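Below you'll find the structure, written out as structure tokens, and then a few comments.
Every chain is numbered from 1 and lettered A, B, ... according to where its sequence line falls, protein lines coming before strand lines. All figures in this text were calculated on a predicted structure; none of them were measured in a lab. Every heavy atom of this structure was used, including side-chain atoms; hydrogens, water molecules and symmetry mates were not.
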2 protein chains.
Amino acid sequence: MPPALRPRSEVIELVMGVIRQHGYEGASISELSRATGLGKSSLYHHFPEGKDDMVRAVLEHLGEYLEQNLFTPLRGAGTPKRRLDLMMQGLDAFYRHGHESCALAQLVLSNTRARFSRPLTAIFTDWIDAIARVLVDAGLSKALAKQRAEDAVLRIEGALVLSGGLGDAGVFARTLQQLPALLLAPATSRR
Amino acid sequence: MPPALRPRSEVIELVMGVIRQHGYEGASISELSRATGLGKSSLYHHFPEGKDDMVRAVLEHLGEYLEQNLFTPLRGAGTPKRRLDLMMQGLDAFYRHGHESCALAQLVLSNTRARFSRPLTAIFTDWIDAIARVLVDAGLSKALAKQRAEDAVLRIEGALVLSGGLGDAGVFARTLQQLPALLLAPATSRR
DNA sequence: GTCTATACGTGGATAGAC
DNA sequence: GTCTATCCACGTATAGAC
């Protein structure tokens, strides 16, 4: 029994990288094998049901990653503004300044959505909730906080699409930069 | 020589439908053959270079479709508000109230982006320009108009992703509904 | 312009040795 | 837990008849 080449979490991250680039259908087992450095059989050892298992693992892992790296800091110390800025920094890194695409969007747009709708919805819901909580802390009503949090996620995903579409990562950068102030603006005179 | 089963434009629209659902990599020739009712050889007769040709045709066709059905009305008669409302109606129909996904987003997110970046960028640019012109007509500065037009497209694409992600088409509906007022709001106190 | 038949590669998946 | 070898299905693409 040779030792595992890489920890499972690392394999999952590499798989996610391939899916982000190629989407579900475009991510072939051969490519996943190459990217992870594991033979096909090894991949099937870790993910007996093949790509579906991999995607489930990716979504689970991504959920935990976001929870720890973005949502938890969002609940932490500091002013709401400061906490939102932290999330934007995290997103900027995760999406490589808008150059890396979003695995969630890939899965949502293709017809694989149905197969993974549960975990997908969970991640989006958690994300929105995490942002909304900061806005409530900042003094917004629950309803408005939720509305704006939804808008924030919507803008981030839209920015990733439009950045790619225009070939201008600046769209993503500006979106992240403007969001905190936009989210925290006083309730009147907006919307 | 049997007559063409369908006009070319109809074939292209059916091809686009498959790409919207499955993405570029997921759209197999067999499926495209089934969807269009044309044999594989017939497809290659119309699109000698295969899927790449089909995508180029789809983007060209889509560009014209948007021009005629959304951008031209945007330049037409009526108040800016009325013209924007018309575009939102068109989008609502085109995206089947948020249930149908966006071929552009599919192509942008996957690694096929590089191959079609020119026509993709052109479509997004034209779209933004068309909206910006209405906003200039409404009295906004050129700079602000362009900024907001960009934001509009960004929101529409984001809404399609988030609607799918949350399994709630209401997100898309609300986004379309709010956009005209948001775009036409007075220059002060926003952004 | 469309079809049937077919070639050939690649994709997903498994068997079995180590 | 990993590998090599292998299987079959499906994907892309072409040939050639009508």
Side-chain angles (χ1 to χ4, degrees), chain A residues 1-61 103 106-107 110-116, chain B residues 1-59 61 103 106-107 110-112 114-116:
Chain A
M1 250 193 248
L5 283 186
R6 318 169 177 283
R8 179 177 167 90
S9 63
E10 203 173 311
V11 171
I12 293 177
E13 276 163 28
L14 291 164
V15 168
M16 176 163 67
V18 176
I19 291 176
R20 288 172 82 164
Q21 269 195 24
H22 301 274
Y24 178 85
E25 320 260 9
S28 72
I29 300 286
S30 317
E31 173 67 12
L32 290 164
S33 169
R34 199 200 51 71
T36 57
L38 291 177
K40 295 184 185 181
S41 295
S42 301
L43 278 178
Y44 277 99
H45 175 77
H46 291 289
F47 309 100
E49 291 178 51
K51 282 207 277 179
D52 274 36
D53 261 0
M54 296 186 213
V55 170
R56 280 189 283 268
V58 162
L59 290 178
E60 205 171 318
H61 182 79
Q106 292 270 22
L107 293 169
S110 103
N111 72 329
T112 54
R113 174 177 65 243
R115 223 176 316 174
F116 308 112
Chain B
M1 252 192 247
L5 284 185
R6 316 169 178 284
R8 180 179 166 88
S9 65
E10 203 173 313
V11 172
I12 293 176
E13 274 162 29
L14 291 163
V15 167
M16 176 163 67
V18 176
I19 291 177
R20 286 172 84 162
Q21 268 195 25
H22 296 88
Y24 178 85
E25 320 259 9
S28 72
I29 300 286
S30 318
E31 172 68 11
L32 290 164
S33 168
R34 200 201 51 69
T36 57
L38 291 177
K40 296 181 186 181
S41 295
S42 301
L43 277 179
Y44 278 100
H45 173 77
H46 291 289
F47 310 100
E49 290 178 51
K51 282 207 276 179
D52 273 37
D53 261 359
M54 297 186 212
V55 171
R56 279 189 284 267
V58 162
L59 290 177
H61 182 79
Q106 292 272 23
L107 293 168
S110 101
N111 72 329
T112 54
R115 224 176 317 171
F116 308 112

Considering all heavy atoms, the nearest A:Glu31-A:His22 contact: OE2-NE2, 4.1 Å

Between A:Gln21 and B:Asn111, is there a donor-acceptor pair closer than 3.5 Å when you use the side chain of the first and the backbone of the second? no

Taking B:Ser33 for its side chain and B:Leu38 for its backbone only, find out whether a donor-acceptor pair lies under 3.5 Å. yes

OP1 or OP2 of C:dG1 under 4.0 Å from side-chain N/O of B:His45: yes

Under the side-chain contact (heavy atoms from CB on, under 4.5 Å) test against B:Phe47, which residue among B:Val58, B:Asp53, B:Leu32 passes? B:Asp53

NE2 of B:His46 versus P of D:dA13: gap in Å, rounded? 17 Å

Interatomic distance, B:Tyr44 OH vs D:dT14 P [rounded to whole Å]: 7 Å

Atom CE of A:Met54 and atom OH of A:Tyr24: how far apart are they, to the nearest 0.5 Å? 9.0 Å

With rounding to the nearest 0.5 Å, note down the distance linking CZ in A:Arg34 to OG in A:Ser28. 9.0 Å

Give me each pair satisfying salt bridge (charged side-chain N to carboxylate O under 4.0 Å, His left out) with a member in residues 37-51 of chain B, each pair once, sequence neighbours excluded. B:Glu49-B:Arg56

Degree of bending in the helix from C:dG1-D:dC18 to C:dC18-D:dG1 once both end axes are built from five pairs, to 10°: 10°

Dump every N/O contact between nucleotides 3-9 of chain C and the protein below 3.5 Å, one line per pair.
unit_1 : atom_1 : unit_2  : atom_2 : d
C:dC3  : OP2    : B:Gly39 : N      : 2.5
C:dC3  : OP2    : B:Ser42 : OG     : 3.2
C:dC3  : N4     : B:Ser41 : OG     : 3.0
C:dT4  : O4     : B:Ser41 : OG     : 2.5

The correct set of residues in residues 47-60 of chain A placing a heavy atom under 4.0 Å from DNA chain C is A:Gly50, A:Lys51

Tell me which residues in residues 26-36 of chain A lie within less than 4.0 Å of DNA chain C, going by non-hydrogen atoms. A:Ala27, A:Ser28, A:Ile29, A:Ser30

Mind listing the side-chain donor-acceptor pairs of residues 8-19 of chain B below 3.5 Å, one per line with the distance, residues two or more places apart or on another chain?
unit_1  : atom_1 : unit_2  : atom_2 : d
B:Glu10 : OE2    : B:Arg6  : NH1    : 3.1
B:Glu13 : OE2    : B:His61 : NE2    : 2.9

